[in-house]
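Just below is one structure, and these are the notes that go with it.
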2 protein chains.
Amino acid sequence: MAESAHGPRERMVFSAAQLIRRDGVTATGMRDVAAHATAPRGSLQHYFPGGKEQLVNEAVDWAGRYAGKRVARFLAGPATPTPSGLFAAMVRQWTDEYGTEGFAAGCPVAAATVDCAESVPSTREAAATAFATWTGPVARALTDMGVPSERAEPLATLMISALEGAILIARAEQDVRALTTVTRELGPLLDAAVEAEGEEGGGPQARGPRTRTR
Amino acid sequence: MAESAHGPRERMVFSAAQLIRRDGVTATGMRDVAAHATAPRGSLQHYFPGGKEQLVNEAVDWAGRYAGKRVARFLAGPATPTPSGLFAAMVRQWTDEYGTEGFAAGCPVAAATVDCAESVPSTREAAATAFATWTGPVARALTDMGVPSERAEPLATLMISALEGAILIARAEQDVRALTTVTRELGPLLDAAVEAEGEEGGGPQARGPRTRTR
DNA sequence: CGCTGTCTATGACAGCGGTCATAGTAGTGC
DNA sequence: GCACTACTATGACCGCTGTCATAGACAGCG
């Protein structure tokens, strides 16, 4: 989460995402964003002539891309990827943050959806796109691990749904319980979706993931 | 969702919940609540001397109790309850609403969490309580269906997490796809948690639920 | 009648929100 | 030097918010 060394424009988008995921879209003021980014207030109307709507949308876009990149980074890691391992990695990012920095913030895409889905169509679309650019890499990763293609996207949606919901509950309870719970309960189901190599049935406790195809 | 025939106080709490789940907490004004409830503005400070915070908290409480009652109503229904059936019923309430009334609104507890978890401690607690008064009945229902007691609460948390997340995605996409997906993908896992009656292993495709114990 | 408590009805206020308008300051090319 | 663009810097405006203050309606009751 490096934030310096980038241009003021990027910093403002990043700061917007941070503040949005903490306080929600409506409670986040433009002045707050500029201050948080240590950027001049006048730059707001310069870089974002579309006003708050544009800034929020870009923050949501950024969050979607960021989530997608996290998936790629996990796949590039040392361990042999499994579906449950991927999901655990996605969840761990949140348990880590909540462990070290407290339960101050949630997911900016969720916040944008809650606050703007009905009132700001363009932001609603940005949120949908963000979910898509997150689901895509996850589904692709699943197929690469041997999950049948027709089940990859549904399972990716399930993973993200469970994660988003668990984030909400964890924040409300100020306890990572919900997050650890969904990892534990969903892990076996995810690994069971990997097509067994020799057998035809594909039992739920099928073991290894197929080697990645690319 | 009857709204008339109740006192003005109840109507205002109900209206607050409706507006909150549509526009978020911050964007919902006190005047809007009074207008939506066709209640006099002056009654706000009379019934809710604690101001907006109190009103929001009561709306969140109401939502939690409402969700709990829905579970009870499903159990009282004609069909023999199964875990997947319960989850499907919980999800169906949302697909039905989105089918008939559009994707205008989400879950008020989620909205309160997103908007107030960091800024208003009492509302954060109210949201946690709401989740608890929702998880409780679900977990109890699961044990009554034969789910081992130590797995009932984790599974209930998983169900609610997946549902909340799917609601977010469905609203963003304006499509019930995510909701139907989580039902389909999670159903088998839930039913598999029912303890088989004769066998010891309890295979994932165990069939019937145990008859309710009370 | 008068008193009391519950509820209703407005008006005002202070604060903050996003946005516009305007002016200023680099920096670059010529 | 000049022109031009990119960016910064403020101040003002209007609308809205939650809250407070005050006062009115209206029952129940002795």
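The chains referred to below are lettered A, B, ... by the order of the sequence lines, with proteins before strands, and numbering in each begins at 1. If you're wondering where the values come from, they're calculated on a predicted model, not measured in any experiment.
For the residue pair B:Arg9/B:Ser43, the side-chain donor-acceptor check at 3.5 Å is not satisfied. Looking only at atom types and distance, the side chain of A:Asp191 has a donor-acceptor partner in the side chain of A:Ser84 under 3.5 Å away. A donor atom on one side chain and an acceptor atom on the other are not found under 3.5 Å apart for B:Glu97 and B:Gln93. Side-chain contact of A:Arg92 with A:Thr183: a donor-acceptor pair under 3.5 Å is absent, judged by distance alone. In this structure, a donor-acceptor pair under 3.5 Å is absent between the side chains of B:Thr123 and B:Glu53.
Residue contacts for A:Thr26: at a heavy-atom cut-off of 4.0 Å it reaches no nucleic acid atom on any strand shown.
Atom CG in B:Leu55 sits about 14 Å away from atom C1' in D:dT19, given to the nearest Å. Per the geometry, CD belonging to B:Glu53 stands 12 Å off C1' belonging to D:dG18, to the nearest Å. Summarising the geometry, the separation between CZ on B:Phe48 and P on C:dC7 is reported as 12 Å, rounded to the nearest angstrom. Here the P atom of nucleotide C:dA23 and the NE2 atom of A:His46 are 19 Å apart, to the nearest Å. Protein atom CZ of A:Arg11 is 13 Å distant from nucleotide atom P of D:dC7, rounded to whole Å. Between the C1' atom of D:dC16 and the CG atom of B:Asp23 lies a distance of 15 Å, rounded to the nearest Å. Between B:Arg9 atom CZ and C:dT8 atom P the separation is 12 Å, expressed in whole Å.
Checking D:dC26 for Watson-Crick or G-U wobble geometry (two distances, each under 3.5 Å) identifies C:dG5 as its partner.
Distance from the side chain of B:Arg31 is smallest for D:dG18 among the nucleotides D:dT22, D:dG18, C:dC20. Taking the side chain of B:Pro40 as heavy atoms from C-beta on, and the options C:dC20, C:dT8, C:dT19, the nearest nucleotide is C:dT8. Considering only the side chain of A:Tyr47, D:dC7 comes nearest among D:dC7, C:dT19, C:dG17. Taking every side-chain heavy atom of B:Lys52 into account, D:dT19 is the closest of C:dT8, D:dT19, D:dC7.
For C:dT8, one of the phosphate oxygens OP1 or OP2 lies less than 4.0 angstrom from a side-chain nitrogen or oxygen of B:Ser43.
Of the residues near DNA chain C, A:Met30 and A:Gln45, the one whose nearest nucleotide (by heavy atom distance) lies more toward the 5' end is A:Met30.
Applying the 3.5 Å distance criterion, the base of C:dG18 shares no donor-acceptor pair with the side chain of A:Arg41.
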